[in-house]
Amino acid sequence: MKTLLQILTEKVSDAFKKCGYNYELGRVTVSDRQDLCEFQCNGALSGAKQYKKAPRIIANEIKEKLVTDSDFEKVEVIGAGFININISSKLLIDYLVELNADKSLGIPQTENQETVVVDYGGPNCAKPLHIGHLRAAIIGESLKRIALKTGRNAIGDVHLGDWGLQIGLVIAEVLERFPEYNYNDNNFDEEHEKIIKLNAEMLNEIYPFASKKSKENTEFKSLAQQITAKMQKGHKGYLSLWKQILDISKDDFKIIYDSLNVHFEYWYGESDAEKYVDRLTQILEDKNLLYESNGAMVVDVQQEDDKTEIPPVIIKKSDNSSIYATSDLATILQRQLDFQPTSIWYVVDSRQSLHFNQVFRCAKKASIVDENATLEHLGFGTMNGKDGKPFKTRDGGVMKLSDLYDIVYEKALEKLSESNFVSKENIDDTAKKITVAALKFGDLINHRLKDYVFDVDKFIATKGKTGVFLLYTVARINSLLKKLENSYDGSLDIKNIYSKLEKELLLKIALTPEVFVKAFNEKAPNYICDNAYDLASVYSSFYNDNHITTETDMDKKKTWISLSMLVKKVLVNQLDALGIETVEEM
Ligand code: ARG
């Protein structure tokens with residue numbers, strides 16, 4: 001369905017055309033002076049030069065056409081030739097009835113068949129998830145949902161780091177600690193050998209230990225490197241351990257991602273790309289792109305108009321092992337073959353921008369992805385502590401994601417202990433949802449490229465721009481609707497608009513679809529956060545102004561109940577786009 005701005009733009013553009021002007025001049029926008037009017041069109045000013053006419057004259061001609069249309073309540077020409085517009089209650093109500101009935105709640109659906117692969121998460125096996133993985137998960141999940149809600153086919157892939165040195169380090173350490181196992185054997189046969197039983201707790205201890213050791217002990221480091229290289233070439237013993245480490249890590253990651261309401265369609269990893277590395281190398285060779293430099297095989301990606309030097313991308317190191325870029329390129333090949341994506345989005349820390357620049361250039365140069373496909377690195381800033389430096393544990397270490405979650409969860413529990421609304425058996429579930437809302441909204445309200453400060457007390461507040469305020473608004477509507485259960489049948493029945501505030505509320509709802517388009521175009525969920533907050537705030541004022549439960553005018557009562565239902569529906573959908581679930585009561 002069309003958006004409200006599209007409908008208005010068409011009407012005003014028609015008027016321009018009828019008066020003999022360019023149709024394109026009729027673009028309508030939301031007024032930036034809400035005290036004066038709801039919408040505006042500045043086309044008369046843009047057209048003045050072209051038609052050698054004073055803008056006010058053009059604007060007045062347009063106005064004469066528009067005033068005959070009963071969908072406009074007010075059309076005014078002001079200042080140099082701005083056309084100010086208020087729309088009729090009928091148009092607004094009719095639009096909302098349509099929006100309510102639409103399964104996408106009025107959000108324009110793309111007409112093309114588009115497939116977006118969203119690469120987000122990016123955790124590394126054998127290491128615990130830490131807070132550095134939080135933003136990728138939160139932002140990636142939301143962007144994927146925004147793509148889905150605007151009619152795209154969106155596929156999330158966690159892209160595990162499961163093929164690198166960190167695995168070799170863990171294997172080396174495990175074998176040193178447990179020499180009684182036979183994993184060094186290239187012909188290791190799982191059926192007949194003694195199998196070690198590792199678990200997540202062990203890995204969480206072993207990885208940092210081995211990583212530290214490798215920095216102090218070059219022999220150990222080179223052993224880990226050798227193990228990694230042998231594993232990548234198919235060493236049976238190491239692969240058997242690798243598989244176990246992978247499974248443990250995945251199970252562990254799934255628990256925490258689930259608790260954050262982050263869900264991946266695919267759990268592929270760098271190891272899955274390995275199968276495509278030979279094909280990739282062949283393509284690069286066939287196209288004469290690969291050449292030797294200092295013993296390594298590289299591809300040039302420098303372009304003429306570059307202001308800085310972009311170094312060649314390394315495909316094979318001098319020891320013939322493949323590296324990060326190789327695996328990303330091979331993954332592009334895999335995604336092209338599996339999904340024929342129209343775009344691939346990489347939701348990864350901004351500090352990796354050079355890497356992605358190199359990889360994308362190489363992919364395009366070698367045509368391993370559709371010519372029209374877009375490859376985008378959607379970077380993000382850092383989550384800082386109150387000191388303005390990257391958030392750390394008290395002793396200056398990297399905080400595990402599960403520990404961060406627990407900090408917020410404890411606060412949520414504390415908050416709920418003050419509430420009389422939540423029954424004992426629902427406390428845990430409600431606290432979990434509050435935790436996710438607080439964490440995600442606290443993050444997503446900031447434009448993804450900006451750094452922000454982790455402030456649990458601010459995030460968990462019921463007032464202000466927080467996810468908790470939005471959950472509270474929905475819970476308040478739930479309780480209202482429960483009280484009024486017998487006085488409505490669930491259908492949308494808006495009889496009239498009774499106050500200015502109500503019109504403001506209706507307009508806010510009517511403009512939500514535009515926000516999704518903007519959030520999609522700019523890959524920026526913060527617009528949805530702002531919009532959801534604005535909507536909830538206006539609803540709050542409306543709720544405080546009107547005594548819905550005791551209202552005796554039945555038409556008003558029905559209208560207000562309808563509005564409340566619609567606000568809830570729209571808010572729930574917006575929160576869903578942010579990956580936030582609502583609570584029944586709080
Ligand atoms: N595992 C990587 C890291 O920890 C992030 C992966 C991001 N995705 C990608 N396709 N490179 O830095």
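Note that ligands are numbered from 1 as they come in the structure, with each ligand's atoms numbered from 1 the same way.
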Enquirer: Show the atoms of ligand 1 that are less than 4.0 angstrom away from any heavy atom in Y346.
Expert: 10 (N)
Enquirer: Please say whether G122 places an N or O atom under 3.5 Å from an N or O atom belonging to ligand 1.
Expert: yes
Enquirer: In ligand 1, which numbered atoms sit nearer than 4.0 Å to a non-hydrogen atom of V348?
Expert: 7 (C), 8 (N)
Enquirer: Counting from 1, what ligand 1 atoms have a heavy atom of F356 closer than 4.0 Å?
Expert: 9 (C), 11 (N)
Enquirer: Just say parallel, tilted or perpendicular for the rings of F459 and F454, cut-offs at 30° and 60°.
Expert: perpendicular
Enquirer: Is D252 salt-bridged to K127, going by a charged N under 4.0 Å from an acidic O?
Expert: no
Enquirer: Could you check whether the rings of H133 and H130 sit parallel, tilted or perpendicular, using 30° and 60° as the cut-offs?
Expert: tilted
Enquirer: Distance only, no hydrogens: is a donor on one side chain within 3.5 Å (strictly under) of an acceptor on the other, for N184 and Y238?
Expert: yes
Enquirer: Return the residue, atom name and 0.1 Å-rounded distance of the protein heavy atom closest to atom 12 (O) of ligand 1.
Expert: Q352 NE2, 2.9 Å
Enquirer: What protein heavy atom lies closest to atom 6 (C) of ligand 1? Include the residue and the distance to one decimal.
Expert: Y324 OH, 3.4 Å
Enquirer: Just checking R177: does its CZ atom have more than 12 heavy atoms from other residues, nucleotides or ligands closer to it than 6.0 angstrom?
Expert: yes
Enquirer: Please verify whether a non-hydrogen atom of H133 lies at under 4.0 Å from ligand 1.
Expert: no
Enquirer: Between Q282 and D278, is there a side-chain donor-acceptor contact under 3.5 Å, judged purely by atom types and distance?
Expert: no
Enquirer: Strictly under 4.0 Å, does any heavy atom of Y120 approach an atom of ligand 1?
Expert: no
Enquirer: At less than 4.0 angstrom from any non-hydrogen atom of H159, what atoms of ligand 1 do you find?
Expert: 8 (N), 9 (C), 10 (N)
Enquirer: If you measure from each non-hydrogen atom of N124 to ligand 1, which part falls under 4.0 Å: side chain, backbone, both or neither?
Expert: side chain
Enquirer: State whether the number of non-hydrogen atoms from other residues, nucleotides or ligands found under 6.0 Å of E219 atom CD is greater than 12.
Expert: no
Enquirer: With K194 as the cation and Y181 as the aromatic partner, state whether NZ or CZ is under 6.0 Å from the six-membered ring centre and within 45° of the axis.
Expert: yes
Enquirer: Pairs of nitrogen or oxygen atoms closer than 3.5 Å, one from D119 and one from ligand 1: do any exist?
Expert: yes
Enquirer: Could you see which bit of D328 sits under 4.0 Å from ligand 1, with heavy atoms only: side chain, backbone, both or neither?
Expert: side chain
